[in-house]
There are 2 protein chains.
Amino acid sequence: MSYDYAAMIALADPTRRQVFELVAEQPRSVAELTRCLPVSQPAVSQHLKVLKDARLVHAEPRGASNIYHIDPHGLGEMRAWLDHIWGEALDAFRKEINDSREKER
Amino acid sequence: MSYDYAAMIALADPTRRQVFELVAEQPRSVAELTRCLPVSQPAVSQHLKVLKDARLVHAEPRGASNIYHIDPHGLGEMRAWLDHIWGEALDAFRKEINDSREKER
DNA sequence: GCTTATGATAAGCAATGTCTTATGATTATG
DNA sequence: CATAATCATAAGACATTGCTTATCATAAGC
């Protein structure tokens, strides 16, 4: 189970989450995204770069615009990792319950 | 679907992930955790505070020690949120594929 | 009781991250 | 062809974060 945590780190920032949610809702250009957000256009571009590197979005050049689309890969990897950890955590939790039961006897 | 992202933010830090993994493996005291990690005891305590607030671990005082255990709540909430977003993302992705098919006609 | 071990908190510092303005490159528009 | 629009990148300001050392409170062991 190897995972580079890029998607999780990317989504840990609130502004970046907003950018991602907007793109997930529908494909949008940088200009459109900037109009929806309380930060400057360069800030939006910087966030998009992080999201793109984490494979949460991908860009489609369209004339002078750059349309950003959702990319399922980043979320998929994150989900696989989380499922794995979740399984381990539940096992550990059950084991603890058992151990504490045994002690009571 | 409301989620405060505390678990995700907590696990976005590499040291904090290590602390969490160690606790998930088996319950451990702060001193034990510090011996396993390349940072000072106060650093470990600070990370544990963040993990505890995110309901990823919980503390069990035992004499002068403080044994930290895994707490499934934080991961569970994060998992529920991620499943939700994952569903939305897949819907959006499928919709895009459809839209681009229609344009080709 | 005195010493030792444990762990939480405070204060300060260095590194990192997020934002801004400035700028240049590319494309559409009149 | 000149102007306007779009967007990425660079440079710098500012805030946040993760770490350290110092310290205090509590509990265990002699």
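Here is the naming used below: chain letters follow the sequence lines, and residue numbers restart at 1 for every chain. Values reported hereafter were calculated over all heavy atoms of this structure, with side chains retained and with hydrogens, waters and symmetry mates removed.
Residues B:F20 and A:I85 are in side-chain contact: their nearest non-hydrogen atoms beyond the backbone lie under 4.5 Å apart. With a 4.5 Å cut-off on side-chain heavy atoms, A:R35 and A:R28 do not count as touching. Taking 4.5 Å as the limit, every side-chain heavy atom of B:Q18 sits out of range of all side-chain heavy atoms of B:P14. When side chains are defined from C-beta on, A:L48 does not count as touching A:N66, because their heavy atoms never get closer than 4.5 Å.
Put simply, B:S45 has no side-chain N or O that comes within less than 4.0 Å of OP1 or OP2 on C:dG7. OP1 or OP2 of D:dA8 sits under 4.0 Å from a side-chain N or O of A:N66. Look at A:Y68 and you'll find a side-chain N or O under 4.0 angstrom from OP1 or OP2 of D:dA8.
Scanning all heavy atoms of the two residues, the minimum distance from B:H58 to B:I70 falls at CD2-O, 3.4 Å.
Put simply, the side chain of A:Q46 and the base of C:dT20 share a donor and an acceptor less than 3.5 Å apart.
Remark: P of D:dA8 and CD1 of A:I67 are 11 Å apart, rounded to the nearest angstrom. Taking atom CG of residue A:L37 and atom P of nucleotide C:dT18, one finds them 15 Å apart after rounding to whole Å. For B:R16 and D:dT16, the CZ to C1' distance is 12 Å, given to the nearest whole Å. Put simply, CG on A:L48 is 15 Å from P on D:dT6, counting in whole angstrom units. In this entry the distance linking CG of A:L33 with C1' of D:dT6 reads 13 Å, nearest Å. Here the C1' atom of nucleotide D:dC7 and the CZ atom of A:R62 are 17 Å apart, to the nearest Å. The CG atom of B:D53 sits 10 Å away from the P atom of C:dT9 (whole-angstrom rounding). With rounding to whole Å, A:K49 atom NZ is found 13 Å from C:dG17 atom P.
Comparing A:Q41 and B:A31 against DNA chain C, the residue whose closest nucleotide sits nearer the 5' end is B:A31. Along DNA chain C, the nucleotide nearest to A:H47 and the one nearest to B:S29 differ in position, and the one closer to the 5' end is contacted by B:S29.
Considering only side-chain atoms of B:S65, the nucleotide from C:dT6, D:dC7, D:dG18 that sits closest is C:dT6. Of the candidate nucleotides C:dA8, C:dC19, D:dT9, D:dT9 has the atom nearest to the side chain of A:P42. Looking at the side chain of B:V30, the nearest of the listed nucleotides C:dT20, D:dT20, C:dA8 is C:dA8.
If you check every strand for non-hydrogen atoms under 4.0 Å, B:T34 touches nothing. The residue B:R35 sits close only to the backbone: its heavy atoms come under 4.0 Å of sugar-phosphate atoms, none of a base.
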